**Q** 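The structure is given below, and queries will be raised subsequently.
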Amino acid sequence: MASADPVLYQVDDRVALITVNDPDRRNAVTDAMSAQLRQAIETAEADTGVHAVVITGAGRAFCAGADLSALGVAAEEGLLRIYDGFMALASCTLPTVAAVNGPAVGAGLNLALAADVRIAGPTAVFDPRFQKLGIHPGGGATWMLQRAVGPQVARAALLFGMRFDAETAVTHGLALHVADDPVAAALDLARGPASAPREVVLATKATMRATASPGTVDTDTHHSAMRTELGPQASSIQSPEFAARLAAAQRR
């Protein structure tokens with residue numbers, strides 16, 4: 001019988017494997033899942049026996065995005081609760097790898113982008129889908145996607161609806177490579193920091209954050225982007241157009 005916990009956590013060989021676990025709903029993000037995801041990240045950071053984190057999704061999807069019914073009533077505070085889990089991943093002091101085993105859509109793409117490295121399974125799809133849903137991007141998506149693939153490709157995705165299959169994601173730098181078993185490949189990659197002194201691993205990641213754009217720390221930039229997006233996204237979610245799209249989606 002599948003576990004009812006929305007987030008699963010296990011540690012093996014100094015690597016924490018975190019699985020978002022609602023396969024019947026394609027791992028759509030809820031408040032409860034977001035809160036447990038933050039708790040899992042913080043547990044890994046507090047455990048001196050953990051040197052790296054791998055995150056994946058249960059079943060055939062990585063994460064289908066935010067729960068649309070939750071979004072339908074969410075204003076800024078509700079959005080912040082939904083964001084909280086992947087913002088914790090983005091701020092994690094440990095090296096992080098997303099094993100993208102299937103579709104990563106909307107907020108699910110944000111979850112993948114929040115990791116340091118992404119490995120795509122053969123059926124992975126990276127799909128912003130915000131504009132198609134009639135909502136403004138959120139959670140720092142505009143900044144994270146531009147950082148990952150550059151301004152032109154990010155604009156093609158967020159303004160023109162471009163989506164990425166596994167191979168296209170690698171071509172544009174969104175994923176490191178494609179693996180038949182992305183979880184196994186991610187765990188294999190994580191053996192690097194797992195075998196290194198933890199203090200060196202932590203210090204190296206902190207230094208890379210500080211030198212990505214000298215004078216700033218990338219987590220601060222991400223939080224600024226998230227706050228910039230928050231008002232426009234909340235307004236778009238409260239619009240009659242989004243309500244109509246949500247009602248249509250729930251009838252399917």
Side-chain angles (χ1 to χ4, degrees), residues 12-20 27 37 41 44 50-58 60-63 85-128 139-154 156-158 162-196 200-202 204-209 211-213 218-219 221-222:
D12 187 41
D13 292 336
R14 297 182 175 179
V15 179
L17 175 62
I18 298 173
T19 305
V20 290
N27 305 318
L37 181 54
I41 296 294
V50 173
H51 291 206
V53 171
V54 171
I55 186 162
T56 193
R60 293 185 295 175
F62 177 73
C63 176
F86 64 74
M87 294 299 290
L89 180 66
S91 298
C92 183
T93 55
L94 297 164
T96 56
V97 186
V100 184
N101 54 302
V105 180
L109 175 59
N110 283 4
L111 182 60
L113 287 168
D116 295 317
V117 173
R118 289 158 292 283
I119 294 175
T123 61
V125 178
F126 300 81
D127 185 358
T142 56
W143 174 75
M144 287 193 292
L145 197 54
Q146 290 188 86
R147 177 183 64 167
V149 300
Q152 177 173 249
V153 177
L158 293 174
M162 180 179 179
R163 46 185 272 173
F164 309 83
D165 62 18
E167 295 292 347
T168 307
V170 173
T171 298
H172 291 293
L174 187 53
L176 183 65
H177 60 79
V178 181
D180 289 337
D181 186 339
V183 175
L187 292 171
D188 186 57
L189 185 65
R191 288 182 185 144
S195 64
V200 172
V201 171
L202 293 171
T204 301
K205 180 163 179 176
T207 299
M208 293 186 75
R209 281 180 161 162
T211 58
S213 179
D218 67 358
T219 49
T221 306
H222 187 180

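Quick caveat, the model's predicted, so the values are computed rather than measured. Hydrogens, waters and symmetry mates play no part in the numbers below; they use all other heavy atoms, side chains included.
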**Q** Tell me if the CG atom of Asp13 is crowded by more than 12 foreign heavy atoms within 6.0 Å.
**A** no

**Q** For the backbone of Ser91 and the side chain of Arg209, can you confirm whether one donor and one acceptor N or O come within less than 3.5 Å of each other?
**A** yes

**Q** Does Val105 offer a backbone N or O that forms a donor-acceptor pair with the side chain of Asp127 under 3.5 Å?
**A**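 Checking the backbone N and O of Val105 against the side chain of Asp127, no donor-acceptor pair under 3.5 Å is found.
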
**Q** Donor-acceptor pair, distance only, cut-off 3.5 Å: does the side chain of His222 make one with the backbone of Gly139?
**A**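 Side chain of His222 to backbone of Gly139: a pair is present.
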
**Q** For the residue pair Asp218 and Arg147, establish whether any side-chain heavy-atom pair is separated by less than 4.5 Å.
**A**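 In short, these two side chains touch, coming nearer than 4.5 Å.
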
**Q** Can you give me the closest heavy-atom contact between Ala44 and Val53, atom names plus distance?
**A** CB-CG2, 3.9 Å

**Q** Short question: side chain of Thr96, backbone of Asp116 - any donor-acceptor pair under 3.5 Å?
**A**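 Yes, because the side chain of Thr96 sits within donor-acceptor range (under 3.5 Å) of the backbone of Asp116.
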
**Q** So, do Phe86 and Ile55 sit near enough that their side-chain heavy atoms are less than 4.5 Å apart?
**A** no

**Q** Any side-chain heavy-atom pair from Leu174 and Arg118 closer than 4.5 angstrom?
**A** yes

**Q** Minimum heavy-atom separation for Ala196 to Arg14, with atom names?
**A** O-NH1, 4.4 Å

**Q** Output yes when a side-chain donor or acceptor of Thr56 lies under 3.5 Å from a complementary backbone atom of Ala99, and no otherwise.
**A** yes

**Q** Are Leu37 and Leu111 close enough that some pair of their side-chain heavy atoms sits under 4.5 Å apart?
**A** yes

**Q** Taking the side chain as every heavy atom from C-beta outward, state whether Val125 and Val100 have any atom pair closer than 4.5 Å.
**A**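 With C-beta onward as the side chain, the pair stays apart.
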
**Q** Answer yes or no: is there a donor N or O on one side and an acceptor on the other, between the side chain of Lys205 and the main chain of Thr93, under 3.5 Å?
**A**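 No; judged by distance alone, with no hydrogens or angles, the pair does not exist.
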
**Q** Could you tell me which non-hydrogen atom of Ala157 sits nearest to which non-hydrogen atom of Phe164, and how far apart they are?
**A** CB-CE1, 4.0 Å

**Q** Would you say Arg163 has more than 12 foreign heavy atoms packed within less than 6.0 Å of its CZ?
**A** no

**Q** Counting only N and O atoms by type, is there a donor-acceptor contact under 3.5 Å from the side chain of Asn27 to the main-chain atoms of Ala58?
**A** yes

**Q** Compare all side-chain heavy atoms of Leu176 with those of Leu189 and state whether any distance is below 4.5 angstrom.
**A** yes

**Q** If we check side chain to side chain contact (heavy atoms under 4.5 Å, CB included) with Leu89, which of these qualifies: Ile41, Asn110, Ile18?
**A** Ile41

**Q** Looking only at atom types and distance, does a side-chain atom of Thr123 sit under 3.5 Å from a main-chain N or O of Pro103, one as donor and one as acceptor?
**A**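 No: the side chain of Thr123 does not pair with the backbone of Pro103.
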
**Q** Identify the heavy atoms of Val15 and Ala190 that sit nearest to each other, and give their distance.
**A**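 Taking every non-hydrogen atom into account, CG2-CB, 3.7 Å.
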
**Q** Measure across His51 and Pro95 and return the closest heavy-atom pair with its distance rounded to 0.1 Å.
**A** O-CD, 3.3 Å

**Q** Where do Asn101 and Ala61 come nearest, in terms of heavy atoms and distance?
**A** ND2-O, 3.2 Å

**Q** Is there side-chain contact between Val178 and Glu167, with at least one heavy-atom pair below 4.5 Å?
**A**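 The answer is yes, as the side chains (C-beta and beyond) meet within the 4.5 Å cut-off.
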
**Q** Can you check whether Asp12 reaches Leu17 side chain to side chain, under 4.5 Å on heavy atoms?
**A** no

